[in-house]
There are 2 protein chains.
Amino acid sequence: MTERSIPDATVARLPLYLRALIALQEQDVVTVSSGDLAIAAGVNPAKLRKDLSHLGSYGTRGVGYPVRELVDGISTVLGLTADRGLAIVGLGNLGRALAAYGGFQERGFRVAALLDVDPALVGREVGGLVVEDVADLEQVVRERDVTIAVLATPAGAAQQVADRLVGAGVTAVLNFAPAHVQVPAHVTLRRVDLSVELQILSFYEHVSARDERAV
Amino acid sequence: MTERSIPDATVARLPLYLRALIALQEQDVVTVSSGDLAIAAGVNPAKLRKDLSHLGSYGTRGVGYPVRELVDGISTVLGLTADRGLAIVGLGNLGRALAAYGGFQERGFRVAALLDVDPALVGREVGGLVVEDVADLEQVVRERDVTIAVLATPAGAAQQVADRLVGAGVTAVLNFAPAHVQVPAHVTLRRVDLSVELQILSFYEHVSARDERAV
DNA sequence: TTGTGTGAACAACTTCACAGCT
DNA sequence: AGCTGTGAAGTTGTTCACACAA
């Protein structure tokens with residue numbers, strides 16, 4: 001049976017499995033074992049099997065997993081089969097890179113709007129879309145059925161923009177601004193922070209350098 | 001005493017505390033309680049106290065934590081006081097945005113080189129630095145003491161570039177390429193994957209939409 | 001009296017090891 | 001004979017609740 005409530009840690013890995021499976025599908029691989037898929041995705045095979053078991057019973061003992069069906073199954077669980085409208089707010093360096101990135105459309109997200117405050121940016125075309133005035137945020141979100149927002153504003157504006165997005169009906173926010181943003185419980189927030197990642201790396205780099213001296 | 005081996009989960013949160021503390025410092029706040037700092041960083045106060053206890057004893061019972069000393073303490077633990085040379089490899093949309101971002105220099109990382117294969121990009125200036133040929137990777141890494149690399153190449157080139165970086169002496173890699181990259185155990189790798197983040201968001205958005213219908 | 005530091009209970013996640021299906 | 005699916009054990013992380021220092 002399809003299981004209720006998939007663990008967070010599993011959800012976070014499903015996209016990795018999906019990517020590996022799509023690569024296999026492109027090579028016309030029909031069936032894959034947990035061992036092989038685990039190597040491709042960079043995880044432990046037992047973990048992979050337990051993760052997939054949360055989606056229901058896809059595998060066949062003694063054989064492995066059917067690639068195409070797993071791709072479909074994971075896509076459905078992640079909600080990638082539905083239309084998902086996405087807005088990017090803030091078109092500074094990072095926002096423009098994200099708008100031009102193309103990986104969003106490729107994975108089934110419809111980039112529905114680019115919004116910024118800066119009059120110098122409004123009207124400019126980025127990645128095939130015209131930047132619109134953030135003053136129209138509420139209208140754009142409602143009219144184009146935007147449910148996911150990418151926040152790429154400066155830190156100072158992040159909370160205020162997030163509040164407006166949530167007020168307009170957005171239920172998922174990907175925050176690139178280096179600031180702590182709060183949202184109501186029914187909204188999902190994820191943070192991507194470049195300097196945080198670098199600082200974490202710095203710690204381990206630093207520690208391993210010390211270890212080397214000690215050895 | 002300064003404690004050995006800080007838990008991974010704690011290390012991942014130290015940069016958040018550091019950011020909140022620096023904001024407090026700029027407002028001339030001298031002392032902060034775990035409760036207030038926890039709100040600013042968006043975590044539970046007990047977790048914050050346990051995290052900070054791994055750095056040693058900074059707080060004073062009945063008073064709180066001295067902001068300046070904590071900033072110094074966390075910076076030292078994270079290795080931000082040392083010189084850290086950083087190279088960005090791959091100057092497509094994302095790589096250029098990262099190069100222009102400025103947040104790296106601000107947080108004490110020295111952007112030492114920008115590298116790309118594309119002859120059309122080599123020689124161009126991005127964010128105040130000239131893009132160099134990736135053929136010179138090994139030489140650049142050694143001469144400029146690069147220990148951290150930001151991988152922003154296409155997926156297909158990521159593993160090969162990572163191998164060269166590691167071979168040249170890089171010990172920390174931040175991978176933005178949508179591919180699984182393997183590195184030896186002594187090298188730390190972190191992954192930032194935009195479409196993975198969106199797919200995770202999509203899951204929760206999707207699930208909450210179902211819940212609403214059920215209610 | 002206030003707010004840290006921490007043992008202890010709890011919860012989540014990972015890994016092992018093997019039963020059982022094909 | 002091979003590989004999944006999963007109880008059970010092990011590990012890591014979180015939260016509680018309170019002793020104790022200032």
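Values below: every heavy atom of this structure, side chains too, minus hydrogens, waters and symmetry copies.
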Show me the pairs that pass salt bridge (Lys or Arg N to Asp or Glu O under 4.0 Å) and involve residues 146-160 of chain A, at least two apart or across chains. none
Provide, to the nearest angstrom, the distance between the CG atom belonging to B:Leu48 and the P atom belonging to D:dT15. 12 Å
Under a 4.5 Å cut-off applied to non-hydrogen side-chain atoms, are B:Ser33 and B:Tyr65 in contact? no
Donor-acceptor pairs under 3.5 Å, side chain of residues 35-47 of chain B to any protein atom, not counting sequence neighbours: which ones?
from: B:Asn44; atom 1: OD1; to: B:Ala46; atom 2: N; distance (Å): 2.7
from: B:Asn44; atom 1: OD1; to: B:Lys47; atom 2: N; distance (Å): 3.4

For nucleotides 10-14 of chain D, list the nitrogen or oxygen atoms of the protein found under 3.5 Å from its nitrogen or oxygen atoms, one pair per line.
from: D:dG13; atom 1: OP1; to: B:Ala9; atom 2: N; distance (Å): 3.4
from: D:dT14; atom 1: OP1; to: B:Arg13; atom 2: NH1; distance (Å): 3.0
from: D:dT14; atom 1: OP2; to: B:Arg13; atom 2: NH1; distance (Å): 3.2
from: D:dT14; atom 1: OP2; to: B:Arg13; atom 2: NH2; distance (Å): 2.9

When rounded to the nearest 0.5 angstrom, what is the spacing between CD1 in B:Ile22 and OH in B:Tyr17? 15.0 Å
Near-strand residues of residues 14-22 of chain B, defined as heavy-atom separation under 4.0 angstrom from DNA chain D: none
Side-chain N or O of A:Ser33 closer than 4.0 Å to phosphate OP1/OP2 of D:dG2: no
Distance check: side-chain N/O of A:Tyr65 vs OP1/OP2 of D:dG5, anything under 4.0 Å? yes
Measuring to OP1 and OP2 of C:dG5, would you say a side-chain N or O of B:Ser57 lies under 4.0 angstrom away? yes
C:dT6 C1' sits how many Å from B:Leu52 CG, rounded? 14 Å
Non-hydrogen side-chain atoms of A:Val32 and A:Val67 separated by less than 4.5 Å: yes
Report yes or no: does A:Arg164 contribute a side-chain atom to a donor-acceptor pair with the main-chain N or O of A:Val134 at less than 3.5 Å? yes
Any residue meeting side-chain hydrogen bond (donor to acceptor under 3.5 Å, both in side chains) with A:Thr171, in chain and number order, not counting sequence neighbours: B:Glu205
Will you find, in the side chains of B:Asp145 and B:Thr147, an N or O donor that is under 3.5 Å from an N or O acceptor? no
Residues in salt bridge (Lys or Arg N to Asp or Glu O under 4.0 Å) with B:Arg142, at least two apart? none
Give the table of side-chain donor-acceptor pairs shorter than 3.5 Å for residues 68-79 of chain A, with sequence neighbours excluded, one pair per line with atom names and distance.
from: A:Ser75; atom 1: OG; to: A:Val71; atom 2: O; distance (Å): 2.8
from: A:Thr76; atom 1: OG1; to: A:Asp72; atom 2: O; distance (Å): 2.8

Compile the donor-acceptor pairs under 3.5 Å between side chains in residues 153-162 of chain B and protein atoms, sequence neighbours left out, one pair per line.
from: B:Gln159; atom 1: OE1; to: B:Gln182; atom 2: N; distance (Å): 2.8
from: B:Gln159; atom 1: NE2; to: B:Asp163; atom 2: OD1; distance (Å): 2.8
from: B:Gln159; atom 1: NE2; to: B:Gln182; atom 2: O; distance (Å): 3.0

Protein proximity profile, nucleotides 17-22 of chain D - base contact B, sugar-phosphate-only contact S, no contact -, cut-off 4.0 Å on heavy atoms: B-BBBS
Report the residues that fulfil salt bridge (Lys or Arg N to Asp or Glu O under 4.0 Å) with A:Asp51, sequence neighbours left out, ordered by chain and then residue number. A:Arg13
Rounded to whole angstrom units, what separation is found between the NE2 atom of B:His54 and the C1' atom of C:dT4? 14 Å
Axis-to-axis angle across the helix from C:dT1-D:dA22 to C:dT22-D:dA1, five pairs an end, to 10 degrees? 10°
Does any pair with a residue in residues 144-186 of chain A pass ring pair (Phe, Tyr, Trp, His ring centres under 6.0 Å), and if so which ones, sequence neighbours excluded? none
